[in-house]
2 protein chains.
Amino acid sequence: MFPFRVPGAAPIRPHGRAADEVGRLRRPFAVVVYLQSRDPAHVKAVERRTMDKPTHLIEFETMLLGRHLQLSAPRLRRNNQSLDRSAYTLLSRIRMEGPMSIGQLSEAFGLDASTLNRQTAAMLRAGLVERIPDPEGGIARKFRITEEGGRGLDAERSANISGLEKVMAAWEPEEVAAFAAYLKRLNTDIENLDGRPWPRP
Amino acid sequence: MFPFRVPGAAPIRPHGRAADEVGRLRRPFAVVVYLQSRDPAHVKAVERRTMDKPTHLIEFETMLLGRHLQLSAPRLRRNNQSLDRSAYTLLSRIRMEGPMSIGQLSEAFGLDASTLNRQTAAMLRAGLVERIPDPEGGIARKFRITEEGGRGLDAERSANISGLEKVMAAWEPEEVAAFAAYLKRLNTDIENLDGRPWPRP
């Protein structure tokens, strides 16, 4: 059953593809052309497009979202004293998991030790973390979040949430929840494929 | 009408809030407590929570998504020869809009000229863009994408889309489309608030 049936056009089933399988995708443009064209090359091109998921739209919009997360977010709020993005993510993980060594951070983030040494050195200088002996008696020293680090993390998170609330002022709570569920699913799918699950509260 | 009505509990309307307005939010926990408690402080706290949108979940998941975009994405694919994120976004904009000056890029991205001078210098060295006189006769020279830049952009985009298709293998096309629509709405809401609309194809 085609949701976008063109009057007068007969459904075609090139390459044995079931018409209702195509119809299920509900992509008006592709289905309309599909039904109108009998040129084999055209049908094949449209078929390929029809079978695609609109993953390219996710790619495009995540590129833009990444830009906003990196660049624009601080402009959307008054508080200029913000953590850089890597410190924010590292602190968030350390607070959720407790003190972590460079080796553990490297495993959790999939980053090499030299990158993490550089990032944690900046966090030490800013007083956001401190180095402590491993509470479980291991050889590697660990990074523990300081009170200042905790305050910085809370301030950054609150500022981010306020900014989002301003941005999403016209969204219904159900829409926000549905969008959050999709985001969570995408992230957990990436984490599973990557073998690096992120702890969730 | 409460979707999560607790048997035996009488609906209450503190502070004149209409019961169906609360019910519309469909947040089982808060509504259940709302109906069970008559302690004013408790009711007030729960009411505040009930009226909240789950924006904090968006904040948490966009933090993780940002991490994946920055760090993990290259690990999800074979192609190691990838553009850095700023070059990718700049090239994408320049291709869509045509040659742009530092001033135009600065306006479009909300970044200062020194940051853009640094990023475009790296792109010039990599042969991704070239400097040309302003085709419209302006004084400022402009950056035009080179053939190599175009190939690099296409390769990066294809690799990103392939990675996403692997990640989203279990998603239905309709789910991908719904998620893309939410992402687009969030991005355009940010762009509108920020006064910097991004051209869409």
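Proteins come first, then strands; the chains are lettered A, B, ... in the order of their sequence lines, and each starts at number 1. Atom set for the values below is all heavy atoms of this structure, side chains included, hydrogens, waters and symmetry mates excluded.
Rounding to the nearest 0.5 angstrom, the gap separating the CD1 atom in A:Ile190 from the CG atom in B:Leu164 is 7.0 Å. A distance of 4.0 Å separates CD in A:Glu165 from OG1 in B:Thr55, rounded to the nearest 0.5 Å.
For B:Val176 against A:Ile58, the heavy-atom pair with the smallest separation is O-CD1, 3.6 Å. Scanning both residues, B:His68 and A:Asn187, for their nearest heavy atoms gives CD2-OD1, 3.2 Å. Contact between B:Pro54 and A:Pro173 at its shortest, heavy atoms only, is CD-O, 3.9 Å. Listed here is the closest heavy atom pair of B:Arg196 and A:Arg67: O-NH2, 4.3 Å. Between B:Thr89 and A:Met63, the shortest heavy-atom contact is OG1-CG, 4.1 Å.
Judged by distance alone, with hydrogens and angles left aside, the side-chain atoms of A:Lys53 form a donor-acceptor pair with the main-chain N or O of B:Met168 at under 3.5 Å.
Residues of residues 178-186 of chain B that come closer than 4.5 Å to chain A, counting heavy atoms only, are B:Ala178, B:Phe179, B:Ala180, B:Tyr182, B:Leu183, B:Lys184, B:Arg185, B:Leu186, ordered by residue number.
Annotation: salt bridge (Lys or Arg N to Asp or Glu O under 4.0 Å) contacts of A:Glu191 (sequence neighbours excluded): A:Arg200.
Residue A:Ser92 touches chain B through its side chain alone, counting heavy-atom pairs closer than 4.5 Å. Using a 4.5 Å cut-off between heavy atoms, B:Thr115 makes no contact with chain A at all.
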